[in-house]
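Have a look at the structure below, then the notes.
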Amino acid sequence: MNPWSFDYSYRTLSEDFYQDAIPDTFADPRIALWNGPLAERLGFPASADTDTSLAAAFLGKPWREPTQPLAQAYAGHQFGHFTMLGDGRAILLGERRLSHGEHIDIQLKGSGRTPFSRRGDGRAALGPMLREYLISEAMHGLGIPTTRSLAVITTGENVHRTGLEPGAVLIRIAASHLRVGTFEFARAKDGQRLLPELISYALSRHPSAQLSDNPALTLFDAVLERQRRLIVEWMRVGFIHGVMNTDNMTLSGETIDYGPCAFMDRFNPQQVFSSIDESGRYAYSQQPIIAQWNLARFAETLLDFFAPNQVDAIRIAEERLDAFSQAFQDDWTQMMLGKIGLPNSPTQTPLIHALLDWMTRTRADFTGTFRGLSARVAAPHSGDDPEFVRWQMRWRDALTAEARTPEDIKDQLNRTNPLYIPRNHRVEEAISAAVIGNFAPVRALVTRLQTPYVEQTDGQADAEPGPDGPYHTFCGT
Ligand code: AMP
Ligand code: MG
């Protein structure tokens, strides 16, 4: 395989869906992070050589034919408001065709302006690109569908943000960059012409196991299911995406766009980190409701294809969106019961709510509390809060009704409750060091987060919450 030769299945779509866009070239690009195992899977060199040729291959020379990079057009509801958007600081370099035929997108983020940049510079600062690399790879380590990060390459140039900051490019890998917003774009531009081809393209990129003679319904059902599973997984690990706009909701079911996201330490269902989310629209406990809202926007783009008349089409969409809530609730309950080591039995659900209530009142560390359960299967810890001890007594009664050994229960608990998540203060420390040239902490953190369920020596600092206090994240930095 020639690693520098790409496919462009996206170009089989009408030209409305993209604009040609050439990545900028940089005088002194250098690899800051390189994802060896992922690189190998995609046919790139497994290790980033110590010289700069690999960085230069991506960013040091103009990309010429047959490479045909492009910026994708899309729209989206941002905080509830519809807008036409598009890749303003991302460029699809090309697609890699894997051996079983699927296409994977290889995208540069921060490589310069595109026809969709409006007043933006199309560039990215090193800090946020490292953050996306760290958190996306942590998500992958946790076993949660996500876009991946192949590399962070420093550009050697500064970008203007609050002050001057070192610039960088992230190489992002995705099953595709199709989003609910791509469908909203097609509908706004010329739905009758553009939506049928987009539906069939989306099904070819993301085949559905369900066979049906209505492609729009097949696609809708598949996306409902993928998004339901994804949000349950975010809830499992205390992840708050922070900007669940419809342009950030993928057809593939992968987590995308690591801007203002963060993992929650102290449990608070209303937790928000994003500095611009003043109303709490994208708070932790809102995520399933917002997912359903976004999927309703998706349904609107497909209505004309669900049934020959509007009344039937709306009924079909509503039935499915209602079923989404119920199915989410069932999956969530099963997931939460898994986190306390119990089988999926409705009689046990009060135990979940009692624990979450106690955690909310005491602001218990989300990750630490659940991970700590495996050490409490036999008995409470001496320092435990009396109310937590009483909860544990009920919990242990439920566990003993199970025909499983304590070792089996502990194993199961430790496979669903991670020990390490990207703790906000640790992420900040690692990024601050990298921005002044020391990449060792960020590399160590990436490595640690590859196996978050397994105890590691010297891992204590990543297993504990940081100092209590407000933590703010930012969009589009
Ligand atoms: P995001 O918050 O990354 O989802 O971005 C929202 C929109 O703003 C997208 O259309 C981006 O392409 C665009 N955008 C964000 N940052 C920049 C930038 N520095 N230059 C140009 N466009 C940008
Ligand atoms: Mg986005």
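One-based numbering, in listed order, for ligands and for the atoms of each. All values below were derived from every heavy atom in this structure, side-chain atoms included, with hydrogens, water molecules and symmetry-related copies excluded.
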Query raised in the report: Rounded to 10°, how many degrees is the angle OD2/D257-the Mg ion (ligand 2)-OD1/N248?
Result: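 It rounds to 80°.
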Any N or O of [X] closer than 3.5 Å to N or O of ligand 1:
X    : answer
R118 : no
R89  : yes
L85  : no
G86  : yes
D87  : no

Query - Contact check, side chains of W63 and P23, non-hydrogen atoms, under 4.5 Å - result: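 SC-SC contact between W63 and P23 confirmed.
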Query raised in the report: Within a strict 4.5 Å, meaning less than it, do heavy atoms of the L93 and F58 side chains meet?
Result: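 Yes. Closest side-chain heavy atoms under 4.5 Å.
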Query raised in the report: Taking all non-hydrogen atoms of both residues, which atom of L445 and which atom of A430 are closest, and how far apart?
Result: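 So the two residues come closest at CD2-CB, 4.1 Å.
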Could you tell me whether [X] approaches ligand 1 through its side chain, its backbone, both or neither, with non-hydrogen atoms closer than 4.0 Å?
X    : value
H160 : neither
D257 : side chain
Y74  : side chain
R113 : neither

Query raised in the report: Of L150, L59, N35, which meets side chain to side chain contact (heavy atoms under 4.5 Å, CB included) against I171?
Result: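 Testing I171 for a side chain to side chain contact (heavy atoms under 4.5 Å, CB included) against L150, L59, N35 leaves exactly one candidate, L150.
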Requested in this report: Look at ligand 1 and say whether M84 reaches it with a heavy atom at a distance under 4.0 Å.
Outcome: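 In this structure, M84 fails to qualify as a contact of ligand 1 - no heavy atom is under 4.0 Å.
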Query - S117 to ligand 1, any heavy atom closer than 4.0 Å - result: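 Judged by the 4.0 Å heavy-atom criterion, S117 does count as contacting ligand 1.
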Using a 4.0 Å cutoff against the non-hydrogen atoms of [X], which atoms of ligand 1 qualify?
X    : answer
G120 : 20 (N), 21 (C)
R161 : 19 (N)
G122 : 18 (C), 19 (N), 20 (N), 21 (C)

**Report entry** Whether H241 and W234 hold their rings parallel, tilted or perpendicular, with breakpoints at 30° and 60°
**Finding:**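 Aromatic pair H241/W234 classed parallel.
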Requested in this report: Please work out which of the three classes, parallel, tilted or perpendicular, describes the rings of F79 and Y282, given edges at 30° and 60°.
Outcome: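 Answer is tilted, since the angle falls between 30° and 60°.
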**Report entry** Short side-chain to backbone donor-acceptor contact, Y453 and T416, under 3.5 Å
**Finding:**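 Pair absent, no side-chain N/O of Y453 close to backbone of T416.
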Requested in this report: Look only at the side chain of R97 and the backbone of E95, and say whether a donor-acceptor pair between them is shorter than 3.5 Å.
Outcome: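 No; judged by distance alone, with no hydrogens or angles, the pair does not exist.
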Requested in this report: Have a look at D87 and tell me which of R118, R172, R179 forms a salt bridge (charged side-chain N to carboxylate O under 4.0 Å, His left out) with it.
Outcome: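 That would be R179; it is the only one of R118, R172, R179 passing the salt bridge (charged side-chain N to carboxylate O under 4.0 Å, His left out) with D87.
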Query raised in the report: What's the spacing between M244 CE and S274 OG if we round to 0.5 Å?
Result: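 Answer rounded to 0.5 Å: 13.5 Å.
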